[in-house]
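Atom set for the values below is all heavy atoms of this structure, side chains included, hydrogens, waters and symmetry mates excluded.
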Amino acid sequence: MRKDKAQRRSYSPDPRFKDPLVTRFVNHMMKDGKKIKAYSIFYSAMENIEQRKGDQEKSALEIWKEALKNVMPHVEVRTHRMGGTNIQVPMAIAPWVKLTKAIKSLIECARARNEKTMADKLAAETLAASKEEGAAVKKRENIHKMAEANKAFSHLRFTQLWQKT
């Protein structure tokens, strides 16, 4: 490699929950550098979750963290070219990459929902994901199915694919 590995960045805690994970989530949700607006959307979504959660004794933040855990993929497929064909090789994902993929998936699926505001969309997708339902969980299941279908190529992740055979 020509350069050093990128340093993993540390996030400062958010103003309300004092949790760096919330700051990381808001940074991914933010558009055009409007962080205050992204925070207000996130906090509104947490208030919506608090109202909709029903008889659960968990807080809105705990429900959101559970939703992230349910959306997190554990394996992915990577494409390798061997002998003129592209092979999908299942590989384990590093913990920080799992979290990033979960955050991006939850935000993307929330944006695709039909509710009126982004706070409502995020709250609905978070509640669905915490119950292991919704588009984000379905996306994770599709990734896992793809890895399961290509399990026959899993031995290739340990070989040096770039060597001449």
Restricting to pairs with a member in residues 15-27, which pass salt bridge (charged side-chain N to carboxylate O under 4.0 Å, His left out), not counting sequence neighbours? Arg16-Glu47, Asp19-Lys65

Tell me whether the rings of Phe42 and Trp64 are parallel (<30°), tilted (30 to 60°) or perpendicular (>60°). perpendicular

Flag yes if Val75 and Met72 sit in one hydrophobic cluster, no otherwise; membership is Ile, Leu, Val, Met, Phe, Trp, Tyr, and two members link when side-chain heavy atoms are under 4.5 Å apart. no

Name every donor-acceptor pair, under 3.5 Å, that has one atom in a side chain of residues 26-37 and the other anywhere in the protein, sequence neighbours excluded.
| unit_1 | atom_1 | unit_2 | atom_2 | d |
| --- | --- | --- | --- | --- |
| Asn27 | OD1 | Lys35 | NZ | 3.0 |

Could you pull out all residues at least two apart from Lys131 that satisfy side chain to side chain donor-acceptor pair (under 3.5 Å)? none

Met118, Ile103: one ILVMFWY side-chain cluster at the under-4.5 Å cut-off? yes

Separation between CZ of Phe25 and OG1 of Thr100, rounded to the nearest 0.5 Å: 12.0 Å

Counting N and O atoms only, with roles assigned by atom type, does the side chain of Glu50 sit under 3.5 Å from a partner on the main chain of Ala60, one being a donor and the other an acceptor? yes

Are Val71 and Val77 connected, step by step, through hydrophobic side chains (Ile, Leu, Val, Met, Phe, Trp, Tyr) whose heavy atoms are closer than 4.5 Å? no

Would you confirm whether Gln51, through its side chain, and Asn48, through its main-chain N or O, come within 3.5 Å as a donor-acceptor pair? no

Does any pair with a residue in residues 82-102 pass salt bridge (charged side-chain N to carboxylate O under 4.0 Å, His left out), and if so which ones, sequence neighbours excluded? Glu76-Lys101

Group every Ile, Leu, Val, Met, Phe, Trp and Tyr by side-chain heavy-atom contacts under 4.5 Å, then state whether Ile49 and Leu61 land in the same group. yes

Can you list the residues that meet the salt bridge (Lys or Arg N to Asp or Glu O under 4.0 Å) rule with Arg111, with sequence neighbours excluded? none

Return yes if some donor-acceptor pair links the side-chain N/O of Thr23 with the main-chain N/O of Asp14 below 3.5 Å, else return no. yes

Just distance, no hydrogens or angles: give the donor-acceptor pairs under 3.5 Å from side chains in residues 133-142, sequence neighbours left out.
| unit_1 | atom_1 | unit_2 | atom_2 | d |
| --- | --- | --- | --- | --- |
| Lys139 | NZ | Glu108 | OE1 | 3.1 |
| Lys139 | NZ | Glu108 | OE2 | 2.8 |
| Arg140 | NH1 | Asn70 | O | 2.5 |

